[in-house]
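In what follows, chains are A, B, ... by sequence order, proteins preceding strands, each numbered from 1.
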Protein chains: 2
Amino acid sequence: MKNRTNIILCSKKAKCSSEIIKRLSLYLRNLKRLEKEGVETISSDKITQFLNASSVQFRKDLSYFGGFGKPGVGYKVKSLLKELENILGVNQEWDIALVGAGRLGGALSRFEGFSRFNLRIVCVFDNDKKVIGKKRGQLLIQDVKDLVKTVERKKIRIAIIATPMEAAQSVCHELTKAGVKGILNFSPLVLKVPNGVCVSNVDMACELESLIYFAKRKR
Amino acid sequence: MKNRTNIILCSKKAKCSSEIIKRLSLYLRNLKRLEKEGVETISSDKITQFLNASSVQFRKDLSYFGGFGKPGVGYKVKSLLKELENILGVNQEWDIALVGAGRLGGALSRFEGFSRFNLRIVCVFDNDKKVIGKKRGQLLIQDVKDLVKTVERKKIRIAIIATPMEAAQSVCHELTKAGVKGILNFSPLVLKVPNGVCVSNVDMACELESLIYFAKRKR
DNA sequence: TAGAGTTTGTGAAAAATAGAACGAATATTA
DNA sequence: TAATATTCGTTCTATTTTTCACAAACTCTA
């Protein structure tokens with residue numbers, strides 16, 4: 001379930017997991033908030049106060065990429081923010097392709113939250129003749145047959161798969177063929193991808209059903 | 001990041017984590033598919049072939065709740081399916097509360113996927129005077145001030161937080177005060193909850209940003 | 001019924017992840 | 001300047017999770 005395969009080289013140590021990267025993203029968001037509030041310096045203790053991560057974890061996560069803090073002082077909010085943006089690569093805009101304009105896809109394409117993180121859904125695909133050609137927000141829903149062509153032309157590297165389980169693998173294949181390097185997979189299927197492609201799985205059904213389980217047995 | 005706090009008693013062993021429960025949900029979905037296809041018996045090897053879990057993990061996960069398989073044979077699809085439905089509690093209807101009627105909240109309340117899991121959004125809350133009193137689908141958007149009262153009265157155990165980050169923790173506090181035991185959290189904040197409450201985080205921005213990181217350095 | 005071939009369930013080992021402890025670096029105060 | 005208080009970065013330790021390995025249970029065939 002957990003993605004133990006996404007192990008890559010960092011600057012100092014041998015490898016770092018995708019869990020660390022996700023936490024970096026979380027830290028980044030909090031730094032942005034702090035910057036807005038005018039905070040200039042922050043300690044690992046303070047910044048993790050509202051996160052579930054410990055201050056040790058924070059320092060350790062950062063240490064994979066270098067020492068950004070000063071003992072006795074903490075971290076400069078602005079410069080750490082820039083460092084994290086660089087590490088994550090979020091200081092540039094990224095275009096995303098969305099495949100699947102069904103219920104979930106619809107919810108996602110209407111969710112403008114992405115733009116806050118420099119992410120922009122620039123095209124939507126489906127295989128259902130009934131929805132192809134219709135508008136989904138600002139975007140025209142395109143035939144999934146044009147996927148490779150469009151994704152190649154727009155040089156899209158990141159895609160979201162929000163199709164039914166059955167279609168997921170073939171869509172995934174098309175996407176990677178077109179040069180996509182990162183896939184956010186909402187289907188419960190485990191996608192087979194060529195080397196160099198990274199898949200992140202979000203399975204809402206699993207999340208919901210696990211909640212039910214816990215809700216059931218507590219009084 | 002990972003939820004190590006949600007440890008609960010199982011039938012046989014001392015404790016089992018929420019990761020296990022999520023995998024059970026995954027297994028359940030695949031069993032349903034197999035049942036549809038007319039498959040009567042399945043081995044742990046075969047069922048995990050297309051999942052992100054090993055056959056050992058499958059057997060061990062199940063073993064927390066009992067031995068459902070037969071050596072030399074495998075598992076009866078139909079009966080294991082029933083067992084899992086029972087364990088997870090998905091064979092009954094569950095009412096859920098949605099907090100946050102903004103963009104994401106709006107998309108979620110329109111997302112009919114929930115009903116597939118016997119989940120029904122029965123009330124929507126917001127703190128914005130401009131939307132309170134308006135309709136969101138079939139439901140009237142209520143003032144978040146009435147949250148505790150309503151959730152208590154309706155005996156709601158599961159809630160979705162789709163508020164901005166700033167409001168998430170206080171909403172979470174109110175929800176748990178009112179008796180909610182499971183929270184699906186769409187805000188990037190990691191929520192602090194009392195013992196016995198389970199939080200599932202869906203942070204798409206986080207997932208996407210980690211993808212960017214990996215996509216960035218592959219050519 | 002005997003023997004070969006599967007497949008389960010689980011204790012033990014390995015790997016991954018998180019947490020504690022502490023020296024070293026910096027700031028502050030008297 | 002010296003003493004004290006912070007806070008980082010890292011090593012060492014503990015915990016959790018996953019994988020390995022194998023006995024026991026079962027089927028099937030002759």
Side-chain angles (χ1 to χ4, degrees), chain A residues 1-8 10-24 26-27 31 39-49 51-77 79-80 83-84 190 210, chain B residues 1-24 26-27 31 39-49 51-77 79-80 83 190 210:
Chain A
M1 202 57 181
K2 224 179 320 152
N3 215 337
R4 284 181 189 277
T5 55
N6 292 319
I7 302 272
I8 56 97
C10 305
S11 62
K12 291 180 107 180
K13 302 253 177 137
K15 48 197 185 165
C16 87
S17 70
S18 62
E19 291 300 310
I20 293 178
I21 304 300
K22 282 178 200 168
R23 280 198 299 267
L24 291 187
L26 194 66
Y27 303 151
L31 286 166
V39 180
E40 293 196 349
T41 308
I42 191 97
S43 71
S44 61
D45 248 0
K46 292 241 176 63
I47 197 172
T48 53
Q49 210 165 26
L51 306 178
N52 222 358
S54 69
S55 63
V56 185
Q57 198 162 44
F58 178 84
R59 296 202 299 276
K60 196 178 259 179
D61 286 346
L62 290 182
S63 81
Y64 279 93
F65 298 89
F68 305 116
K70 255 191 188 170
V73 185
Y75 301 82
K76 292 267 166 205
V77 170
S79 74
L80 183 56
E83 293 281 3
L84 286 184
V190 175
S210 73
Chain B
M1 202 64 177
K2 219 180 324 149
N3 214 335
R4 284 182 188 275
T5 53
N6 292 315
I7 303 272
I8 57 95
L9 292 176
C10 305
S11 62
K12 291 180 107 180
K13 302 249 174 142
K15 49 200 183 165
C16 87
S17 71
S18 63
E19 292 300 310
I20 293 177
I21 304 302
K22 283 176 199 170
R23 281 198 298 267
L24 291 187
L26 190 66
Y27 305 150
L31 286 167
V39 180
E40 293 196 349
T41 308
I42 191 95
S43 72
S44 62
D45 247 0
K46 292 241 175 64
I47 198 173
T48 53
Q49 211 164 25
L51 303 180
N52 206 351
S54 69
S55 62
V56 185
Q57 202 163 40
F58 177 85
R59 296 201 299 277
K60 192 164 257 184
D61 286 347
L62 289 181
S63 81
Y64 280 93
F65 298 89
F68 305 116
K70 256 191 187 171
V73 185
Y75 301 82
K76 293 268 165 204
V77 170
S79 75
L80 183 55
E83 293 281 3
V190 176
S210 73

Minimum heavy-atom separation for [X] to [Y], with atom names?
X: B/L31; Y: B/V77; result: O-CG1, 3.6 Å
X: B/T48; Y: B/D45; result: OG1-O, 3.2 Å
X: B/V39; Y: B/T41; result: CG1-O, 3.4 Å
X: B/L62; Y: B/F68; result: O-CE1, 3.9 Å

Measure the distance from [atom1] on [X] to [atom2] on [N] and round it to the nearest whole Å.
X: A/I42; N: C/dA27; atom1: CD1; atom2: P; answer: 17 Å
X: B/K22; N: D/dT17; atom1: NZ; atom2: P; answer: 12 Å
X: A/D45; N: C/dG19; atom1: CG; atom2: C1'; answer: 14 Å
X: A/E19; N: D/dT17; atom1: CD; atom2: P; answer: 12 Å
X: B/I20; N: D/dT16; atom1: CD1; atom2: C1'; answer: 10 Å
X: B/Y64; N: D/dT17; atom1: OH; atom2: P; answer: 8 Å
X: B/L62; N: C/dT10; atom1: CG; atom2: P; answer: 11 Å
X: A/K76; N: D/dT7; atom1: NZ; atom2: C1'; answer: 14 Å

Please report the end-to-end axis angle for the helix from C/dT1-D/dA30 to C/dA30-D/dT1, five pairs per end, rounded to 10 degrees. 10°
Would a 4.5 Å heavy-atom cut-off, applied to side chains only, mark B/Q57 and B/K60 as touching? no
Do the side chains of A/L80 and A/Y27 get nearer than 4.5 Å, heavy atoms only? no
Taking C/dG9, C/dG19, D/dG9 as options, the one with an atom nearest any side-chain atom of B/Y75 is C/dG9
Under 4.0 angstrom between A/S63 side-chain N/O and D/dG9 OP1 or OP2: no
Does A/S44 have a side-chain nitrogen or oxygen under 4.0 Å from the phosphate oxygens OP1 or OP2 of D/dC8? yes
Quick one: label A/F58 by what it contacts on the DNA or RNA (base, sugar-phosphate, nothing), any heavy atom closer than 4.0 Å. nothing
Is the B/Y75-B/F58 ring centre distance short of 6.0 angstrom? yes
Of the options B/L24, B/V56, B/I21, which is the one that meets B/D61 in a side-chain contact (heavy atoms from CB on, under 4.5 Å)? B/L24
Quick check: are there more than 12 heavy atoms from other residues, nucleotides or ligands sitting under 6.0 Å from CD of B/Q49? yes
When you check every protein heavy atom under 4.0 Å of nucleotides 20-30 of chain D, what one-letter string (B, S, -) results, 5' to 3'? BB---BBS---
